[in-house]
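Below: one structure, written as structure tokens.
In what follows, every chain begins at residue 1, and chains take the letters A, B, ... in the order their sequences are listed. All heavy atoms count here, side chains included; hydrogens, waters and symmetry mates do not.
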Amino acid sequence: MKRIRVIEIIQTEPKNQNVLVKGWVRSFRSNRFIALNDGSTINNIQLVIDFENFPEDQIRRITVGSCIAAQGELIPSQGSGQKSEVRVVQFEILGDADPGIYPLQPKKHSLEFLREIAHLRFRTNTFGSIFRIRHHVAFAIHRFFHERGFYYLHSPVITASDAEGAGEMFHVTSLDLSRIPFNDQKEVEYKKDFFGRPANLTVSGQLEAELAAMALSQVYTFGPTFRAENSNTTRHLAEFWMIEPEVAFNDIFDNMDLAEDMLKYVIGKVMTECTDDLKFLLDREEEEQKSKPQQERNEMNLLQRLQFCLDHQFERVSYTDAIEILRNSNPNKKGKFQYAVESWGTDLQSEHERYLVEKHYKKPVILFNYPKDIKAFYMRQNDDGKTVAAMDILFPGIGEIVGGSQREERYDRLASRMKEMHIPTEEMYWYLDTRRFGSCPHAGFGLGFERLMLFITGMGNIRDVIPFPRYPGYAEF
RNA sequence: GCCUCUUUAGCUCAGUUGGUUAGAGCGUCGGACUGUUAAUCCGCAGGUCCUUGGUUCGAGCCCAAGAAGGGGCGCCA
């Protein structure tokens, strides 16, 4: 007999039909009622077991966390909590869970505790919801680009270029670190290493995506990204997933449209496809809000925030205008900012970004045309000679979720900018070649997948929206 | 990397001005009950008060160093 998934069984009209279900026990009440979950949905199926008809030693093995297979009749429930239930005819314990040492109890656990047992936290309602949603978000991203005629490009995970300038990199080597070969100058002899040269884990697939966009027109990457930065925050990981579309013939404003459309498409899809899980996370957040002082509570709940994001155009503000708004803002005048907004040309602090998004505009903001000196070498230089066609999308509660730009397509401008910023042009010949042969205007951006997950789930810590987080000093599981 | 807070039972947390034998809820275990919804009721067990050192007649509580965890900042997605 074939097993039926819980998500199917709870949608099936109960007509005393024979069914087989398999899953993990969430609770066992009155020695009679089993709440069984198989991860196909946040909802459980209730199994009713007449303990009088089964050996006691078998009944005693039905414990929270144990895995069972049960066969019986699907009948209308006599209780009020559920539409149907399975009257168990026979069952089998597939895996015991010793209640004396199984760490999950049918009660609320702290996220910090669950992070320490990340191998088991999938079995909680919260993390079940998060990782079902994570799948739907990833899938929606692929669908969005596929429907628009983009090609999914697999950019390399190992790169030999250390000139991408997006942060500290993890070295990749097959050398024996206790016996590193040095030359006479005490330099590492990379010729003896696996690739014959230094290699690193990628910090971005953008440069490779640009190469492909110069032929396929519209591509995107979606893969793991690695930063060896010593970042200890609720918004950073050493290993995270990034989506990087790159589009030939797009300018900075097409780029904004694409990013905004994509975010709205994905959020819309999740709202229609993950209603049960979002409802659970909504209730969870509401409960959490109750224990906070009025001042720190969210003005909108999770679903309202998602809907608001769909209903409103993201505010587009130039860096120059943003500086003026911040300079004239109340917190700046009253000296409330930790970093006073000084002159044009300095980078915005996260408190400034938060003010713009959460207090001034109260919606997602796209900041664009940043001073060239605080941005990367590949961004297109504007005619004013001071700014580049960069854009960042800032979300409430999260900050920067997207960073992108129109790329510098003019060979001379790019090469001279690289020299100014000490980027080795010889090593990057392949990147410059795209500007030598059939160059064209193009643009792209990077979307932090886990940061989008934070917004969609309402979770507060990025370590809770990725199955196995990696961060400084931590690579467990 | 910097700042800050926390660390007491399996989990979540109380613990007064430094004072005898360190508590609660939930969970486990034993029992009762059996159409429950994190079932309910009764009972038992469970502690290196993070570690080390110091102050003191006396430290869970005060001081110092270290460890682990949370939050903020920086770097960024």
Side-chain angles (χ1 to χ4, degrees), chain A residues 26-35 43-52 59-60 63-65 75 77-82 85 87 97-117 124-125 164-168 202-206 221-244 259 291 296 337-339 347-354 374-376 392-395 398-404 445-455 460-464 466 471-474:
Chain A
R26 286 297 180 77
S27 70
F28 187 28
R29 291 181 292 270
S30 298
N31 230 9
R32 190 182 296 279
F33 303 100
I34 300 168
N43 300 300
N44 303 324
I45 181 71
Q46 172 155 291
L47 310 183
V48 183
I49 189 156
D50 291 321
F51 59 88
E52 304 90 343
I59 296 289
R60 290 174 69 88
T63 60
V64 173
I75 58 172
S77 179
Q78 293 175 36
S80 56
Q82 55 283 317
E85 62 195 20
R87 182 182 293 282
D98 183 343
I101 52 178
Y102 183 63
L104 291 171
Q105 301 167 14
K107 60 169 271 190
K108 193 167 164 50
H109 288 289
S110 70
L111 294 172
E112 292 80 15
F113 172 67
L114 293 171
R115 215 172 284 148
E116 290 170 11
I117 52 166
T124 64
N125 285 332
E164 297 175 30
E168 291 297 312
T202 182
V203 292
S204 162
Q206 179 202 318
T221 72
F222 188 167
T225 309
F226 308 88
R227 303 273 167 92
E229 301 282 356
N230 192 8
S231 298
N232 297 286
T233 80
T234 53
R235 303 180 307 283
H236 290 85
L237 291 166
E239 176 183 292
F240 63 100
W241 289 67
M242 188 153 66
I243 294 96
E244 294 179 288
S291 62
E296 290 171 27
F337 283 138
Q338 194 185 339
Y339 300 88
D347 214 349
L348 299 179
Q349 303 292 320
S350 58
E351 59 177 342
H352 304 146
E353 295 179 348
R354 274 207 311 276
I374 59 173
K375 287 292 181 180
D392 287 353
I393 302 185
L394 311 176
F395 263 39
I398 290 145
E400 187 178 344
I401 197 166
V402 162
F445 61 83
L447 165 73
F449 183 68
E450 283 79 14
R451 289 192 181 172
L452 177 57
M453 280 294 297
L454 285 179
F455 182 72
N461 192 320
I462 203 164
R463 296 168 186 180
D464 293 330
I466 189 168
Y471 48 91
Y474 193 88

Examine the base of B/C75 for any acceptor or donor lying under 3.5 Å from a partner atom in the side chain of A/Ser231, and report the outcome as yes or no.
yes

According to side chain to side chain donor-acceptor pair (under 3.5 Å), does anything in residues 100-112 of chain A pair up with another residue at least two apart or in another chain? List the pairs.
none

Return the polar atom pairs (N/O with N/O) between nucleotides 25-28 of chain B and the protein under 3.5 Å, or none.
unit_1 : atom_1 : unit_2   : atom_2 : d
B/G25  : N2     : A/Lys107 : NZ     : 3.2
B/G27  : O4'    : A/Gln105 : OE1    : 3.3

P gap between B/A67 and B/G27, integer Å
38 Å

Kindly say whether, by distance alone, the side chain of A/Arg451 makes a donor-acceptor pair under 3.5 Å with the base of B/C76?
yes

Tell me, please, which residues at least two apart from A/Arg235 pass salt bridge (charged side-chain N to carboxylate O under 4.0 Å, His left out).
none

With the side chain defined as heavy atoms from C-beta on, A/Gln78 is closest, among B/A77, B/G35, B/C73, to B/G35

Ignoring hydrogens and angles, are the base of B/G35 and the side chain of A/Glu85 linked by a donor-acceptor pair under 3.5 Å?
yes

Within this structure, what is the NZ-to-C1' distance between A/Lys108 and B/C13, rounded to whole angstrom?
14 Å

Considering only the P atoms, how many Å lie between B/G58 and B/G54, rounded to the nearest integer?
12 Å

Atom CD1 of A/Ile49 and atom P of B/G35: how far apart are they, to the nearest Å?
16 Å

Those residues at least two apart in sequence (or on a different chain) that pass salt bridge (charged side-chain N to carboxylate O under 4.0 Å, His left out) with A/Asp347 are none

Tell me, for nucleotides 4-9 of chain B in 5' to 3' order, what letter each nucleotide earns: B for a base near a protein heavy atom under 4.0 Å, S for only sugar-phosphate near one, - for neither?
------

Which part of the nucleic acid does A/Gln349 contact within heavy-atom distance under 4.0 Å: base, sugar-phosphate only, or nothing?
sugar-phosphate

Is A/Ser110 touching bases, backbone alone, or none of the nucleic acid, heavy atoms closer than 4.0 Å?
sugar-phosphate

The side chain of A/Gln46 lies closest to which of these nucleotides: B/G35, B/C76, B/C73?
B/G35

Atom-to-atom span, CD1 of A/Ile401 to C1' of B/C76 - whole angstrom:
13 Å

Minimal non-hydrogen separation, A/Asn31 against A/Phe51, with atom names
O-CD2, 3.1 Å

Side-chain N,O (A/Arg29) to OP1/OP2 (B/U36) below 4.0 Å
no

Calculate the interatomic distance between A/Ile374 atom CD1 and B/C75 atom C1'; express it in whole Å.
14 Å

Give the ring-plane orientation class for A/Trp241 versus A/Phe222, where under 30° counts as parallel, over 60° as perpendicular and anything between as tilted.
perpendicular

Could you state the atom-to-atom distance from CE of A/Met242 to P of B/C76 in whole Å?
13 Å

Does the side-chain ring of A/Phe240 lie flat on the base of B/A77, meaning centres under 5.5 Å and planes less than 30 degrees apart?
yes

For the base of B/U12, is there a side-chain donor-acceptor partner from A/Glu112 under 3.5 Å away?
no

Under 3.5 Å between N/O atoms: give me all the protein pairs with nucleotides 48-50 of chain B, atom names plus distance.
none

Exam field: side chain A/Glu351 to backbone A/Tyr339, donor-acceptor pair closer than 3.5 Å:
yes

Ignoring the backbone of A/Arg354, work out which of B/C75, B/C73, B/U34 is nearest its side chain.
B/C73

Could you state the CD-C1' distance from A/Glu229 to B/G74, rounded to the nearest angstrom?
10 Å

Looking only at the side chain of A/Thr234 (C-beta and beyond, no hydrogens), which of the listed nucleotides B/G71, B/U36, B/C73 gets closest?
B/G71

Taking the side chain of A/Thr233 as heavy atoms from C-beta outward, which of B/G74, B/C11, B/A77 is closest to it?
B/G74

Not counting sequence neighbours, which residues clear side chain to side chain donor-acceptor pair (under 3.5 Å) with A/Ser231? List them please.
none

Could you check whether the side chain of A/His109 and the base of B/C11 have a donor-acceptor pair of N or O atoms closer than 3.5 Å, going by distance alone?
no

Using a 3.5 Å cut-off on both pairing distances, which stems of three or more Watson-Crick or G-U pairs include RNA chain B?
B:1-7 with B:67-73, B:10-13 with B:23-26, B:29-32 with B:40-43, B:50-54 with B:62-66

Sorted by chain and residue number, the side chain to side chain donor-acceptor pair (under 3.5 Å) partners of A/Gln82 (sequence neighbours excluded) come out as A/Ser77

Is there a donor-acceptor contact under 3.5 Å from the side chain of A/Glu450 to the main chain of A/Ile462?
no

Rounded to whole angstrom, note down the P distance from B/G35 over to B/C26.
23 Å

Sorted by chain and residue number, the salt bridge (charged side-chain N to carboxylate O under 4.0 Å, His left out) partners of A/Arg60 (sequence neighbours excluded) come out as A/Glu56

Name all residues meeting the salt bridge (charged side-chain N to carboxylate O under 4.0 Å, His left out) criterion together with A/Glu85; count only those two or more places apart in sequence or in a different chain, and write none if there are none.
none

Can you tell me which nucleotide in B/U34, B/U36, B/C11 comes closest to the side chain of A/Phe33?
B/U36

Nearest-neighbour nucleotide for the A/Asp347 side chain, B/C76, B/C73, B/G1 considered
B/C76

Residues two or more places apart in sequence or in another chain: which of them pass side chain to side chain donor-acceptor pair (under 3.5 Å) with A/Asn232?
A/Asn230

As a test of reading the structure: which of B/U34, B/G35, B/C76 is closest to the side chain of A/Phe51, going by heavy atoms?
B/U34

Among B/G1, B/U36, B/C75, which is the nearest nucleotide to the side chain of A/Asn232?
B/G1

